[in-house]
Amino acid sequence: MPLIAIIVAALAIGLEQLIQVKYGVMGVVAFAALAIGIKAKNSMIGGIGALLLVMLLAQSG
């Protein structure tokens, strides 16, 4: 079980670093808001994070 937790944590850190490199600080803020919203089951914060990520993705495309 600890091995799975380490792997999941490493993947999350890797994804966060990838987002930061590609989309900057705003991407990390959006990803964090989405993750916090999902963990806290708060649809408003999760929606704000998702909206910010969509806006960043649409802007770069």
If you link ILVMFWY side chains whenever their heavy atoms are less than 4.5 Å apart, which other residues fall into the same cluster as [X]? By chain and number, please.
X: V54; answer: none
X: V21; answer: none
X: V29; answer: V25

Task: Joint hydrophobic cluster, L11 plus L3, side-chain heavy atoms closer than 4.5 Å - done: yes
Open item on the list: Quick check on the hydrophobic clustering: are V28 and L15 connected, directly or via other members, by side-chain heavy-atom contacts under 4.5 Å?
Closed with: no
TODO: Identify the heavy atoms of A33 and G49 that sit nearest to each other, and give their distance.
DONE: CB-CA, 3.8 Å
How long is the straight-line distance from [atom2] of [Y] back to [atom1] of [X], given to the nearest 0.5 Å?
X: L18; Y: I13; atom1: CG; atom2: CD1; answer: 14.0 Å
X: M55; Y: L52; atom1: CE; atom2: CG; answer: 6.0 Å
X: I48; Y: L53; atom1: CD1; atom2: CG; answer: 12.5 Å

